Amino acid sequence: MISSFSAPFARRRGAVRLAAAALVSGLAVAGVVATAGTAVADGATPGEGGATATIGGLETFGAAVIHEESGDLEVSAGLFEMSVEGGGTLQTYGVDLRNPTQKDAKYHETPWSGTSLGAGQDAGRVRWILQNSYPQVNDLASLASRAGIAGALTEQDAAAGTQVAIWRHADGADVDAVDPQAEQLADYLQKAARDTAEPEASLTLDPPAVSGRPGAPLGPVTVRTDAGTVTVTPPMDAATSGVRIVDKDGVAVTTAKNGTQLFFDVPEDAGAGTAELTVRASTTIPVGRAFTSESRSQTQILAGSSESTVSATASAAWATQGAVPALSAAKNCAEHGVDITAANQGDEAFVFELMGAEYTIAAGASQTVTVPLEEDQAYDFTIAGPQGRQYRFTGVLDCRTRAAETGNLTTQTLSEPSPATVGGTSSSDTNLAETGGSSATPIIAGTAIGLVVIGGAALVLVGRKEHAGRD
């Protein structure tokens with residue numbers, strides 16, 4: 001077994017060839033999209049909040065075999081470890097197994113609706129597996145007994161069996177663990193899994209953007225968290241702008257808890273402007289939370305968390321007259337697009353264009369527009385607001401698990417849909433093909449750890465299945 005981020009751990013059985021597909025030199029995993037958040041408005045990055053972490057590698061794992069028409073592929077299967085910004089460690093399993101996992105990719109806590117889990121029906125069963133297997137259940141003798149395993153169950157087997165069971169539900173994959181004990185655990189978990197609810201975010205602000213007139217409290221922005229208390233950080237220029245963060249009684253606040261309503265208190269004589277607040281906390285992130293990366297690194301789902309740093313940001317915009325919009329965005333995998341929500345607290349309609357269509361948000365009204373996108377497509381939208389503001393929304397849509405596409409492959413250069421742009425240009429000339437597998441081409445990442453770009457080349461699996469005995 002090799003380390004998780006060297007060459008892809010992939011070995012075909014039967015008549016299978018490996019060929020190198022040349023890629024453009026100077027590849028960069030990070031930096032495909034200029035910002036990691038979904039929305040940018042005058043430098044602010046309101047988002048869904050939670051933890052931000054960097055993936056390290058597979059820490060506890062065994063082996064598994066994926067069965068496909070093109071042959072059998074042996075892969076590593078087990079627990080990843082992630083380091084949280086600000087402090088903390090996460091243990092995760094992968095979902096969307098045919099998507100590449102990139103070394104040192106940055107991840108963000110994400111609702112299921114913004115991942116491939118949101119488009120499937122078995123996400124709740126995946127969470128049940130996480131709650132009822134390793135490492136949440138670290139009494140391996142008890143876990144083995146429940147699964148009917150007669151022999152000893154090692155940590156490696158427990159991790160591999162748990163990952164295999166997750167792949168079967170999250171990806172619909174035909175996959176078996178190599179070790180008999182791990183395979184028996186996978187079978188038990190797959191059959192025993194029951195639907196469970198999605199866990200709440202570790203920390204979020206609702207809504208992430210508000211607007212209104214100076215002289216009146218702008219909000220409310222409600223804190224949603226499982227932490228006992230959060231620290232509230234006012235706008236960076238609060239001392240000069242006079243903008244305060246207050247509670248519903250108008251009292252300045254520096255801490256808050258779940259359900260607290262926060263408001264931006266903007267001086268009455270303030271000119272048109274914007275501000276943001278940030279809340280931070282230390283908490284154990286709920287098992288089952290999803291983590292995604294804008295570099296299209298493989299989606300992860302949380303199996304365990306130490307006390308970790310989490311944060312969320314909300315923005316406010318104000319003006320004395322005219323339209324005063326608040327804009328935010330979120331991925332919507334059920335509709336295969338991005339939801340852009342515009343709320344207008346001004347006294348005039350807010351009119352904007354998006355993807356060739358014009359939208360009018362009346363004074364005091366709000367509307368959500370779903371922008372449909374292709375799978376794996378980078379998007380980069382800029383909406384012109386009043387007072388010369390620019391609202392920019394960037395990211396990558398990664399909503400589907402990859403179907404097996406390895407039959408009759410030929411070696412070829414990767415290609416991807418071009419980034420969708422509106423009102424601006426793409427933040428990078430490097431398209432996402434350069435980071436790994438693509439549903440737009442007949443190529444498969446092929447491992448639990450994904451297809452990793454090494455030295456400007458990728459390995460393409462070529463051949464037809466000669467494996468018999470499976471449907």
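Residues take their numbers from the sequence shown, with the count starting at 1. What you see is a predicted model, and the numbers here were worked out from it, not measured in a lab.
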Between Ile383 and Phe350, does the side chain to side chain contact (heavy atoms under 4.5 Å, CB included) criterion hold? Intermediate values first, please.
CA-CA 11 Å; Ile383 297 176; Phe350 172 51; 4.1 Å; yes
Does the side chain of Phe264 reach to within under 4.5 Å of the side chain of Leu277, using non-hydrogen atoms?
yes
For the pair Asp122 (side chain) and Arg125 (backbone), establish whether a donor and an acceptor sit closer than 3.5 Å, ignoring hydrogens and angles.
no
Hey, mind stepping through Gln300 and Thr92 against side chain to side chain donor-acceptor pair (under 3.5 Å) and telling me if it holds?
CA-CA 6 Å; Gln300 302 287 305; Thr92 62; 2.7 Å; yes
Rounded to the nearest 0.5 Å, what's the gap from OG on Ser116 to CG on Asp171? Could you check?
6.5 Å
Where Ala323 and Pro386 come nearest, the two heavy atoms and their spacing
O-CG, 3.3 Å
List the steps and the verdict of side chain to side chain donor-acceptor pair (under 3.5 Å) for Tyr107 and Ser297.
CA-CA 8 Å; Tyr107 280 77; Ser297 192; 2.8 Å; yes
Can you tell me if Thr260 uses its side chain to pair, donor with acceptor, with the backbone of Asn258 under 3.5 Å?
no
Examine the side chains of Asp339 and Thr368 and answer whether a donor and an acceptor come within less than 3.5 Å of each other.
no
To the nearest 0.5 Å, how far apart are CE in Met236 and OG in Ser241?
11.5 Å
Is the closest basic N to carboxylate O distance between Glu268 and Arg213 below 4.0 Å?
no
Side chain Ser211, main chain Val324, donor-acceptor under 3.5 Å
yes
Heavy atoms, side chains only, cut-off 4.5 Å: are Val246 and Leu262 in contact?
no
Any Lys/Arg nitrogen of Asp380 or Arg392 sitting under 4.0 Å from an Asp/Glu carboxylate oxygen of the other?
yes
Working to the nearest 0.5 angstrom, can you tell me the gap between Phe61 CZ and Phe80 CZ?
9.5 Å
Could you report the tightest heavy-atom contact between Gly50 and Ser202, atom names first, then the distance?
CA-OG, 3.5 Å
So, the side chain of Ser133 versus the backbone of Ile129: is there a donor-acceptor pair under 3.5 Å, distance only?
no
Taking atom CD of Gln367 as the centre, does the number of heavy atoms from other residues, nucleotides or ligands within less than 6.0 Å exceed 12?
yes
Working note: Asp226 + Thr283, criterion side chain to side chain donor-acceptor pair (under 3.5 Å); need CA distance, chi angles, decisive distance, verdict.
CA-CA 7 Å; Asp226 61 356; Thr283 188; 3.1 Å; yes
Side-chain donor or acceptor of Thr196 paired with backbone N/O of Arg127 under 3.5 Å
no
Has Thr229 got a side-chain atom pairing as donor or acceptor with Ala256's backbone, closer than 3.5 angstrom?
yes
Closest approach of Ser308 and Val84, non-hydrogen atoms and distance?
OG-CG2, 3.8 Å
Check this for me: does any side-chain nitrogen of one of Lys331 and Glu375 sit under 4.0 Å from a carboxylate oxygen of the other?
no
Give me the atom names and distance for the closest heavy-atom approach of Gly212 to Leu218.
CA-CD2, 3.5 Å
Looking at Arg289 and Glu198, is there a salt bridge between them, counting it only when a charged N and a carboxylate O are closer than 4.0 Å?
yes
I would like to know whether Phe381 and Tyr379 meet ring pair (Phe, Tyr, Trp, His ring centres under 6.0 Å); could you show each step before the answer?
CA-CA 6 Å; Phe381 308 139; Tyr379 56 90; 5.7 Å; yes
Show your working on salt bridge (charged side-chain N to carboxylate O under 4.0 Å, His left out) between Glu294 and Lys106 and close with a plain yes or no.
CA-CA 8 Å; Glu294 294 303 338; Lys106 182 176 289 187; over 6 Å; no
